[in-house]
**Student:** 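Handing you a structure now.
The structure displayed is predicted, hence computed values, not measured ones.
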Amino acid sequence: MSFFDKWEAAIENKDLDGMVELMHPECTMVLHSTGKVIRRDEWKETFGRLIASDKFKRDKNRCIYENDDIMVSHSFVTFPNGTTDAVMYVGILKDGKLFRVETGSTPINL
């Protein structure tokens, strides 16, 4: 099973522990809006409530490219506040796990 498929399954099942398990212990995520860097230990607290929300929806999820070093995906995300963004997700992989993540997000009207 590809990393993308594992990651998607964890998101679809709102399996936050499973998502953390797919992250390298030294994983960092760069927030495109502020440049803030979040470490794996902070990720669940920062994004857990968002992903667990019944109002968090993702549509047209697709893998743009994946190999042993990188996974690039795109989806349309509706957030709990009702806004919808087109989200590009780039994950650098190390030892089969997410090592560094950056996202790009563009507000849209569906």
Side-chain angles (χ1 to χ4, degrees):
M1 179 182 284
S2 72
F3 183 86
F4 174 79
D5 291 335
K6 292 176 192 174
W7 187 249
E8 285 299 305
I11 294 171
E12 279 298 312
N13 293 317
K14 298 185 182 289
D15 181 1
L16 300 175
D17 291 329
M19 293 175 77
V20 171
E21 186 63 34
L22 290 168
M23 296 176 180
H24 190 279
E26 297 171 17
C27 183
T28 58
M29 179 177 192
V30 179
L31 301 179
H32 75 280
S33 58
T34 62
K36 180 179 177 180
V37 176
I38 295 175
R39 302 201 173 281
R40 183 180 92 162
D41 297 342
E42 304 168 277
W43 182 89
K44 189 173 178 182
E45 181 179 321
T46 303
F47 289 97
R49 286 185 299 268
L50 171 77
I51 293 170
S53 170
D54 290 337
K55 295 182 179 181
F56 178 78
K57 306 284 185 214
R58 297 168 64 248
D59 295 301
K60 300 181 182 175
N61 310 318
R62 66 186 189 276
C63 182
I64 303 296
Y65 182 79
E66 179 178 6
N67 65 23
D68 290 341
D69 300 317
I70 191 169
M71 186 233 359
V72 180
S73 65
H74 186 271
S75 61
F76 294 100
V77 178
T78 301
F79 295 95
N81 68 2
T83 63
T84 301
D85 288 11
V87 177
M88 181 72 66
Y89 192 94
V90 179
I92 304 300
L93 305 175
K94 181 177 180 181
D95 302 325
K97 296 188 176 203
L98 277 178
F99 182 70
R100 181 176 171 88
V101 177
E102 293 199 35
T103 62
S105 180
T106 303
I108 60 171
N109 294 317
L110 288 178

**Student:** Please check if Ile64 and Ile92 belong to a single hydrophobic cluster, counting links between Ile, Leu, Val, Met, Phe, Trp and Tyr side chain heavy atoms closer than 4.5 Å.
**Tutor:** yes
**Student:** I need the Phe3 CZ to Ile70 CD1 distance, nearest 0.5 Å.
**Tutor:** 12.0 Å
**Student:** Report the distance from atom OH of Tyr89 to atom CZ of Phe4, rounding to the nearest 0.5 Å.
**Tutor:** 11.5 Å
**Student:** Exactly one of Val37, Leu98, Thr103 should register a side-chain contact (heavy atoms from CB on, under 4.5 Å) with Met29. Which one does?
**Tutor:** Thr103
**Student:** In Å and rounded to the nearest 0.5 Å, what is the CD to CG distance from Glu21 to Asp15?
**Tutor:** 10.0 Å
**Student:** For Val77, is there any backbone N or O sitting under 3.5 Å from a side-chain donor or acceptor partner on Ser75?
**Tutor:** no
**Student:** Roughly how far, to the nearest 0.5 Å, is CD of Glu12 from CG of Asp5?
**Tutor:** 11.5 Å
**Student:** Linking I/L/V/M/F/W/Y whenever their side-chain heavy atoms sit closer than 4.5 Å, directly or via other members, would Leu50 and Val20 fall into one cluster?
**Tutor:** yes
**Student:** Counting only N and O atoms by type, is there a donor-acceptor contact under 3.5 Å from the side chain of Glu45 to the main-chain atoms of Glu42?
**Tutor:** no
**Student:** Quick one: does any side-chain atom of Asn81 pair with a main-chain N or O of Thr83 as donor and acceptor, under 3.5 Å?
**Tutor:** yes
**Student:** Membership question, hydrophobic clusters at under 4.5 Å side-chain separation (ILVMFWY): are Met23 and Val90 in the same one?
**Tutor:** no
**Student:** At what distance, to the nearest 0.5 angstrom, does CZ of Arg49 lie from OG1 of Thr46?
**Tutor:** 8.0 Å
**Student:** Is it true that a side-chain atom of Asn67 and a backbone atom of Asp69 form a donor plus acceptor pair closer than 3.5 Å?
**Tutor:** yes
